[in-house]
Amino acid sequence: MISSGIRTLDTRTAKPPPKRADPELLTDAHKGWAREVKRRAGWQCEWVEAGKRCEVRYPARLFADHIVERSDGGALLDSKNGRCLCGSHHTLKTVAARAARLSSRS
């Protein structure tokens, strides 16, 4: 058998680099904003689909989401730019916003 010189990577042992949060998300001001957004939502996901609000609530992991993403000009600490989302809905919203941003560039 002839070797092409390309080795395969065993992804069971290869570790991705650690995730790093934006420094501005680690400030006391932002943590207070996130707490207020979640408190205002009653510690329940605010996603509404087909007229029904998501039932996921604390102690499940909740995210204080910027409605208009910071990279799209959304205000970092404006409480009107925040809503409480569960992990699944936060991912859906973020992926859709990124896709829209990428499609607008082309």
Side-chain angles (χ1 to χ4, degrees):
M1 179 180 199
I2 299 174
S3 173
S4 65
I6 298 174
R7 298 185 338 195
T8 59
L9 175 66
D10 184 352
T11 58
R12 295 172 298 176
T13 58
K15 303 280 188 237
K19 185 174 179 180
R20 294 194 178 139
D22 292 337
E24 61 189 9
L25 299 180
L26 301 175
T27 65
D28 288 340
H30 186 270
K31 290 175 185 177
W33 172 85
R35 243 185 335 273
E36 174 57 23
V37 166
K38 293 173 190 178
R39 184 204 59 75
R40 186 183 65 211
W43 299 89
Q44 180 179 349
C45 179
E46 295 183 275
W47 189 273
V48 176
E49 195 164 333
K52 187 171 188 269
R53 183 175 177 183
C54 177
E55 296 180 358
V56 175
R57 59 177 55 244
Y58 181 83
R61 185 167 183 202
L62 298 170
F63 295 84
D65 176 67
H66 290 91
I67 296 167
V68 177
E69 292 199 3
R70 295 174 301 127
S71 56
D72 293 329
L76 176 65
L77 300 175
D78 182 356
S79 63
K80 294 176 190 155
N81 189 36
R83 67 178 170 177
C84 181
L85 295 177
C86 66
S88 295
H89 289 126
H90 182 259
T91 299
L92 284 173
K93 184 264 179 178
T94 302
V95 168
R98 287 181 183 158
R101 194 166 38 253
L102 288 172
S103 69
S104 70
R105 291 181 186 168
S106 44

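Because only heavy atoms are used, hydrogens play no part in the values below, and waters and symmetry mates are left out as well, while side chains stay in.
Annotation for R53: atom CZ counts as buried by contact number, over 12 foreign heavy atoms lying within 6.0 Å.
Nearest heavy-atom pair, W33 versus G82, reported as atom, atom and distance to 0.1 Å: CZ2-CA, 3.5 Å. Across all non-hydrogen atoms, the minimal contact from A97 to E69 is CB-OE2, 3.3 Å. Between L62 and C86, the shortest heavy-atom contact is CD2-CA, 4.0 Å. Listed here is the closest heavy atom pair of R57 and G42: NH1-O, 3.8 Å.
A donor-acceptor contact shorter than 3.5 Å is absent between the side chain of D65 and the backbone of R83. Under a 3.5 Å cut-off, the side chain of R101 and the backbone N or O of S71 do not form any donor-acceptor pair. Panel note: side chain N81, backbone V68; a donor-acceptor pair is recorded below 3.5 Å. A donor-acceptor pair is defined here as one N or O able to donate and one able to accept, closer than 3.5 Å; such a pair exists between the side chain of Q44 and the backbone of C54. When atom types are taken as modelled, the side chain of D22 and the backbone of E24 share no donor-acceptor pair closer than 3.5 angstrom.
Hydrophobic clustering (ILVMFWY, side-chain heavy atoms < 4.5 Å, transitive): V37 and L76 are in one cluster.
Taking CZ of R61 as the reference point, atom SG of C45 lies at 13.5 Å (rounded to 0.5 Å).
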| side chain to side chain contact (heavy atoms under 4.5 Å, CB included) assessment of K93 paired with I67 | CA-CA 9 Å; K93 184 264 179 178; I67 296 167; 5.8 Å; no
| request: Please report the C-alpha distance between K38 and W43 in whole Å, then the side-chain angles of each, then the deciding distance to 0.1 Å, and finally whether the side chain to side chain contact (heavy atoms under 4.5 Å, CB included) criterion is met. | output: CA-CA 5 Å; K38 293 173 190 178; W43 299 89; 3.7 Å; yes
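Residues L25 and R70 form a side-chain contact, since some pair of their non-hydrogen atoms from C-beta on lies under 4.5 Å apart.
Ring geometry for H89 versus W47: interplanar angle under 30°, hence parallel rather than tilted (30 to 60°).
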